[in-house]
S.K.: 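Structure in structure tokens, see below.
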Amino acid sequence: MRNSDFFLIDLMLLCIATETSAWTLRNATDSLSGANGTVRTSSAEEHLDASLPRSRRKRYISQSDMIAILDYHNKVRASVFPPAANMEYMVWDEGLARSAEAWAATCIWDHGPPYLLRYLGQNLSVRTGNYRSILQLVKPWYDEVKDYVFPYPRDCNPRCPMRCYGPMCTHYTQMVWATSNRVGCAIQVCYNMVVWGAVWRQATYLVCNYSPKGNWIGEAPYRVGVPCSACPPSYGGSCSNNMCFPAMNSNFMYWFK
């Protein structure tokens with residue numbers, strides 16, 4: 001299938017998956033890479049109606065950013081090593097995007113809201129200054145792969161307490177969690193945002209929510225094997241680019257309105 005086909009399908013498909021709950025880590029091991037760098041916290045959703053101070057200005061995510069984020073996730077998911085037998089194709093979910101937008105609008109550098117995190121995974125990233133591509137806020141999550149050894153982290157310890165040191169890889173494992181087949185993200189421009197105790201005068205804040213959530217303690221992100229050899233029955237045996245792909249006549253397909 002051509003890349004252009006994926007772009008169209010990214011906009012066409014929404015998957016409905018069963019919500020699951022589990023305890024997820026809240027790591028505090030991330031480092032601040034400088035005023036013009038990218039900071040991210042652990043992977044880990046109230047539709048907030050509170051009025052926001054004028055210092056916070058919403059930036060709705062563009063279609064091009066949405067496609068870039070989704071395409072990058074699927075590129076990463078399709079190329080995991082060792083290969084995945086049950087990796088599901090990820091689609092954009094507007095409900096997750098709205099919940100991510102509500103949280104990003106608070107300009108709080110932390111995961112939340114807490115009650116939704118029982119059901120959803122979440123990756124955060126923040127950056128000051130201009131950027132050429134939204135992927136500059138996403139790629140640091142993937143870069144954690146260098147510290148990850150399948151099936152469980154070596155230097156990255158998922159049982160690490162809230163205050164610990166060393167590399168992280170729970171952003172990466174959330175990206176490639178096989179059953180996390182839906183994602184929705186939001187971008188917010190925040191003024192005077194507090195990040196690890198420092199005030200960032202103008203920060204671009206990215207929140208991505210995932211469903212079903214990943215990073216279950218004691219579990220590997222996916223099953224190793226021949227690609228698509230262990231896809232859920234709901235996919236009807238359809239496979240594309242090493243991922244379980246929703247059949248075009250499946251009940252999982254919906255059109256964006």
Side-chain angles (χ1 to χ4, degrees), residues 1-20 22 24 43 67-93 96 120-121 123 135 138-139 141-158 167-184 208-254:
M1 184 172 290
R2 298 171 302 176
N3 288 337
S4 60
D5 294 332
F6 281 122
F7 290 160
L8 292 176
I9 293 170
D10 289 340
L11 293 178
M12 291 164 52
L13 296 177
L14 284 172
C15 283
I16 296 179
T18 302
E19 302 281 19
T20 58
T24 308
S43 48
I67 292 175
I69 292 171
L70 185 56
D71 186 62
Y72 186 74
H73 274 76
N74 279 317
K75 178 181 177 180
V76 168
R77 291 166 71 85
S79 59
V80 293
F81 184 84
N86 64 329
M87 185 64 70
E88 300 181 36
Y89 183 82
M90 185 172 279
V91 299
W92 188 266
D93 187 287
L96 293 176
L120 304 177
N123 278 353
L135 294 185
V138 179
K139 286 182 177 179
W141 300 339
Y142 169 75
D143 289 343
E144 294 172 355
V145 68
K146 68 181 183 298
D147 297 311
Y148 180 70
V149 177
F150 189 91
Y152 307 114
R154 176 179 293 170
D155 296 321
C156 302
N157 184 357
M168 291 183 61
C169 45
T170 47
H171 301 92
Y172 169 72
T173 52
Q174 176 60 80
M175 291 182 75
V176 300
W177 204 269
T179 57
S180 295
N181 56 21
R182 291 185 286 155
V183 66
C208 285
N209 287 340
Y210 301 83
S211 182
K213 73 185 303 180
N215 286 333
W216 290 62
I217 299 301
E219 294 189 15
Y222 57 85
R223 293 174 58 184
V224 174
V226 176
C228 299
S229 62
C231 292
S234 58
Y235 285 90
S238 180
C239 178
S240 180
N241 195 27
N242 297 330
M243 292 177 288
C244 309
F245 192 81
M248 296 307 291
N249 61 349
S250 168
N251 291 331
F252 291 96
M253 188 179 75
Y254 288 83

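All values reported here derive from a predicted model rather than from experimental measurement.
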S.K.: Can you name the nearest heavy-atom pair linking Tyr148 to Cys169, along with the distance?
M.R.: CD1-SG, 3.9 Å
S.K.: Would the distance check show the side chain of Arg77 and the main-chain N or O of Glu88 forming a donor-acceptor pair, the cut-off being under 3.5 Å?
M.R.: yes
S.K.: So which atom in Asn181 and which in Pro212 form the shortest heavy-atom distance, rounded to 0.1 Å?
M.R.: OD1-CD, 3.8 Å
S.K.: Any idea which heavy atoms bring Val76 and Val176 closest together, and the distance?
M.R.: CG1-CG1, 3.5 Å
S.K.: OH of Tyr235 to CG of Asn86: how many Å apart, nearest 0.5 Å?
M.R.: 10.0 Å
S.K.: Give a yes or no on whether the backbone of Met90 and the side-chain of Asn74 come within a donor-acceptor separation of less than 3.5 Å.
M.R.: yes
S.K.: Going from CE on Met87 to CZ on Phe245, what distance comes out if it is rounded to the nearest 0.5 angstrom?
M.R.: 15.5 Å
S.K.: Please lay out, stage by stage, how Cys228 and Cys244 fare under the test disulfide (SG to SG under 2.5 Å).
M.R.: CA-CA 6 Å; Cys228 299; Cys244 309; 4.8 Å; no
S.K.: Say whether, by atom type as modelled, one donor and one acceptor occur between the side chain of Ser180 and the main chain of Ser211 under 3.5 angstrom.
M.R.: no
S.K.: Check the orientation of His73 and Trp141. Use parallel for under 30°, tilted for 30 to 60°, and perpendicular for over 60°.
M.R.: perpendicular
S.K.: With rounding to the nearest 0.5 angstrom, report the CE to CG distance, Met168 to Asp147.
M.R.: 10.5 Å
S.K.: What are the two closest heavy atoms between Pro246 and Tyr89, and how far apart are they?
M.R.: CD-CB, 4.3 Å
S.K.: Other residues, nucleotides and ligands only: do more than 12 of their heavy atoms fall within 6.0 Å of OH on Tyr72?
M.R.: yes
S.K.: Mind checking whether Phe150 and Tyr222 have ring centres under 6.0 Å apart?
M.R.: yes
S.K.: What pair of heavy atoms forms the shortest contact from Leu70 to Trp92, and how long is it?
M.R.: CD2-N, 3.7 Å
S.K.: Find out whether Thr173 and Trp216 are in side-chain contact, i.e. whether some heavy atom of one side chain is under 4.5 Å from a heavy atom of the other.
M.R.: no
S.K.: Which distance, rounded to the nearest 0.5 Å, do you find between the CE of Met175 and the CG of Asn215?
M.R.: 12.0 Å
S.K.: So does Ala78 get a backbone contact from the side chain of Asn242, meaning a donor-acceptor N/O pair under 3.5 Å?
M.R.: yes
S.K.: Can you give me the closest heavy-atom contact between Cys208 and Ile69, atom names plus distance?
M.R.: SG-CG2, 4.4 Å
